[in-house]
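Worksheet: the structure to be examined is printed underneath.
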Amino acid sequence: MEKKPKITVVGSINMDLVTITSQAPQRGETLFGEHFQMNPGGKGANQAVAAAKLGAQVQLIGCVGNDRFGQDIVAYLQEQGVNVSNVEPVTDVTGTATIIVADQDNSIIYVPGANNHVTSSFIESKRDVIAASDILVLQLEIPLEGVQKAVQIAKENGIKVILNPAPIQSLPSDLLKNIDYLTPNEHEQVLLRQDRSTEELDGKLIVTMGSQGVCIYEQGEGVIIPAYKIDVVDTTGAGDSFNGGLAHALSKGLNLKDACKYGNAVAALSTTKLGAQTGMPTGAEVEDFMNSQGSFVHKSYI
Ligand code: ATP
Ligand code: RIB
């Protein structure tokens, strides 16, 4: 049987509290919404589910609260094929994201709760798990010290690292130099460029640009990999779907451009349904979609 590459995701696990409304409220205003839904979310969990649904072997490292949300999410992650043996319950509330979806766009208030327990010492206790991976994927909804420790362990063991710098914060140079692929959205890249030089970002920067696709920056030049045209319902988790797809494709040996094309297809399909994880496609769905678009599909996906 074909050996599956191991993808390890270190990151946040949230319950998303989603309100759908025709328009977002102004400050101090009360509006009637149209629909409310609770969905498992969190950038770490989303990226883990995206890759697992595509067929990757994925383990997630993170923390949930000792509460109902935590139990429900862990059960759901398991159903999606994510290895949760390194997701630990802690004495805190599970992370939440209060999301308003209005007019094909979303705004989010994030409360980390248990995600704040993913510290440097917590990650140190997972050293062997990280060291046995083929690729490590992280975001910034956990403490930066946890991210730094995980990246340090990955580098000591020659493991490729994808960092999705969201929500954006200042990144120390010694962290940045150990990142192989950095995947901000357009807003995040503006802030990133404010405190990091172009040279530091060159060769690792992949900017996601919503309906325009992604731009890979190499040797001072940007190459655009266009998005697929699709009827969008909810873009929540589109970036996470792209990152999960990118990790899966890279771990299977695709070159960066083809891996981004694949990530674009995963992300496009994810926007056709409500919810971050609930809208993510399977590997077979991505393959059918790419074929229907006359897109390249690498033989390892067939
Ligand atoms: P989010 O925070 O909503 O998860 P993001 O801001 O991190 O998303 P975006 O750059 O908006 O990320 O989108 C990520 C990827 O999703 C894009 O690069 C593209 O591949 C896909 N995508 C997003 N919006 C669309 C769209 N309207 N049509 C097609 N593909 C899209
Ligand atoms: O990227 C989308 C995710 O970010 C949501 O699932 C939510 O949990 C937020 O933190």
Side-chain angles (χ1 to χ4, degrees), residues 9 11-19 37-50 62 64 69 73 76-77 94-115 137-142 162-168 182-192 205-216 224-246 249 259-281 286 289-290 293 295:
V9 180
S12 56
I13 303 167
N14 300 336
M15 186 60 89
D16 288 354
L17 311 170
V18 186
T19 298
Q37 183 167 306
M38 290 198 291
N39 302 317
K43 291 183 192 299
N46 292 348
Q47 295 179 16
V49 168
V64 290
F69 281 175
I73 296 170
Y76 182 82
L77 288 170
T94 294
T96 53
T98 301
I99 304 180
I100 294 178
V101 179
D103 195 21
Q104 291 196 357
D105 215 344
N106 63 58
S107 37
I108 302 180
I109 298 175
Y110 169 52
V111 179
N115 295 308
V137 182
L138 311 107
Q139 325 72 33
L140 298 175
E141 286 188 334
I142 56 169
I162 299 176
L163 175 63
N164 173 219
I168 191 67
L182 189 65
T183 58
N185 65 16
E186 285 176 291
H187 162 71
E188 290 149 4
Q189 77 135 348
V190 171
L191 300 173
L192 203 57
L205 193 60
I206 303 166
V207 179
T208 65
M209 303 183 303
S211 59
Q212 293 183 71
V214 300
C215 189
I216 303 171
I224 291 186
I225 313 291
Y228 293 88
K229 295 219 178 326
I230 200 109
D231 289 331
V232 172
V233 173
D234 175 18
T235 60
T236 310
D240 297 330
S241 301
F242 174 80
N243 280 281
L246 178 71
C260 285
K261 199 187 277 187
Y262 187 83
N264 276 343
V266 178
L269 287 172
S270 79
T271 67
T272 61
K273 293 188 193 135
L274 190 60
Q277 294 170 25
T278 39
M280 287 169 177
V286 177
F289 176 69
M290 290 182 82
Q293 303 287 312
S295 275

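In this text the structure is predicted, and so the values were computed from the model without any measurement. Both ligands and their constituent atoms are indexed starting at 1 by order of listing.
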When you measure from atom 11 (O) of ligand 1 to the protein, is at least one non-hydrogen atom found at a distance under 4.0 Å? yes

Will you find, in the side chains of D240 and Q47, an N or O donor that is under 3.5 Å from an N or O acceptor? yes

Does N106 use its side chain to pair, donor to acceptor, with the backbone of A102 at less than 3.5 Å? no

Quick one, L17 and I99 - any side-chain contact, counting heavy atoms below 4.5 Å? no

Can you check side-chain contact (heavy atoms from CB on, under 4.5 Å) on I216 and L205, steps first, answer last? CA-CA 6 Å; I216 303 171; L205 193 60; over 6 Å; no

For atom 30 (N) of ligand 1, state which one of C215, A227, A276 supplies the nearest heavy atom. A227

Among all protein heavy atoms in this structure, tell me which lies nearest to atom 31 (C) of ligand 1, with the distance rounded to 0.1 Å. G210 O, 3.6 Å

Identify the heavy atoms of P226 and N264 that sit nearest to each other, and give their distance. O-ND2, 3.1 Å

Residues Q37 and L274: closest non-hydrogen pair is OE1-CD2, 3.5 Å

Go through the steps for T98 and Y110 under the test side-chain contact (heavy atoms from CB on, under 4.5 Å), then give the verdict. CA-CA 7 Å; T98 301; Y110 169 52; over 6 Å; no

Do any N/O atoms on T236 end up under 3.5 angstrom from N/O atoms on ligand 1? no

What atoms of ligand 1 come closer than 4.0 angstrom to any heavy atom of V214? 18 (O)

Starting from atom 29 (C) of ligand 1, which protein heavy atom do you reach first, and at what distance in Å? Y228 O, 3.1 Å

Minimum heavy-atom separation for I142 and S12, please, with both atom names. CG2-N, 3.9 Å

Note the single closest protein heavy atom to atom 2 (O) of ligand 1, along with its residue, its atom name and the distance in Å. K43 NZ, 4.6 Å

Between N264, N164, N106, T235, which one has a non-hydrogen atom sitting closest to atom 20 (O) of ligand 1? N264

If you measure only the distance, is there a donor-acceptor pair under 3.5 Å linking the side chains of Q139 and N164? no

If you take all heavy atoms of G41 and N46, which pair is closest and at what distance? CA-OD1, 3.2 Å

List, pair by pair, the atoms of ligand 2 and of the protein that are both N or O and lie under 3.5 Å apart, giving the separation rounded to 0.1 Å.
unit_1   : atom_1 : unit_2 : atom_2 : d
ligand 2 : 1 (O)  : K43    : NZ     : 2.8
ligand 2 : 1 (O)  : D240   : OD2    : 2.7
ligand 2 : 4 (O)  : K43    : NZ     : 3.3
ligand 2 : 6 (O)  : D16    : OD1    : 3.4
ligand 2 : 6 (O)  : D16    : OD2    : 2.6
ligand 2 : 6 (O)  : G42    : N      : 3.1
ligand 2 : 6 (O)  : N46    : ND2    : 2.9
ligand 2 : 8 (O)  : N14    : ND2    : 2.9
ligand 2 : 8 (O)  : D16    : OD1    : 2.6
ligand 2 : 8 (O)  : G42    : N      : 2.9
ligand 2 : 10 (O) : N14    : ND2    : 3.3
ligand 2 : 10 (O) : E141   : OE1    : 3.4
ligand 2 : 10 (O) : E141   : OE2    : 2.4

Start with the C-alpha distance between N14 and T96, add both sets of side-chain angles, then the distance that settles side-chain contact (heavy atoms from CB on, under 4.5 Å), and finish with yes or no. CA-CA 5 Å; N14 300 336; T96 53; 5.8 Å; no

When you measure from atom 8 (O) of ligand 1 to every protein heavy atom, which one gives the shortest distance, and what is it? G239 N, 3.4 Å

Pull out every atom of ligand 1 sitting under 4.0 Å from any heavy atom of M209, numbered as shown with elements. 10 (O), 18 (O)

Number the atoms of ligand 1 from 1 as they appear, then name those within less than 4.0 Å of a heavy atom of V232, with their elements. 26 (C), 27 (N)

Protein contact to atom 6 (O) of ligand 1 [nearest heavy atom, distance to 0.1 Å]: N185 ND2, 2.9 Å

At a 4.0 Å threshold, what atoms of ligand 1 neighbour a non-hydrogen atom of I230? 28 (N), 29 (C)

Any idea which protein heavy atom is nearest atom 18 (O) of ligand 1, and the distance to it? G213 O, 3.0 Å

Give the atom numbers and elements of ligand 1 that come within less than 4.0 Å of a heavy atom of G237. 4 (O)

Taking both backbone and side-chain atoms of A268, is any N or O found less than 3.5 Å from an N or O belonging to ligand 1? no

With the side chain counted from C-beta on, respond yes when I224 and M209 share a heavy-atom pair under 4.5 Å apart, and no when they do not. yes

Heavy-atom pairs closer than 4.0 Å: do any link ligand 1 to the side chain of T208, the backbone, both, or neither? both

Carefully, step by step, assess V207 and V214 under the rule side-chain contact (heavy atoms from CB on, under 4.5 Å). CA-CA 5 Å; V207 179; V214 300; over 6 Å; no

d(Q277 CD, D16 CG) to nearest 0.5 Å is 7.5 Å

Would you mind listing which atoms of ligand 1 come within a distance below 4.0 Å of any non-hydrogen atom of A267? 15 (C), 16 (O), 20 (O), 21 (C)

In this structure, CG of L191 is separated from CD of E186 (nearest 0.5 Å) by 12.5 Å

Under 3.5 Å: N/O of T271 near N/O of ligand 1: no

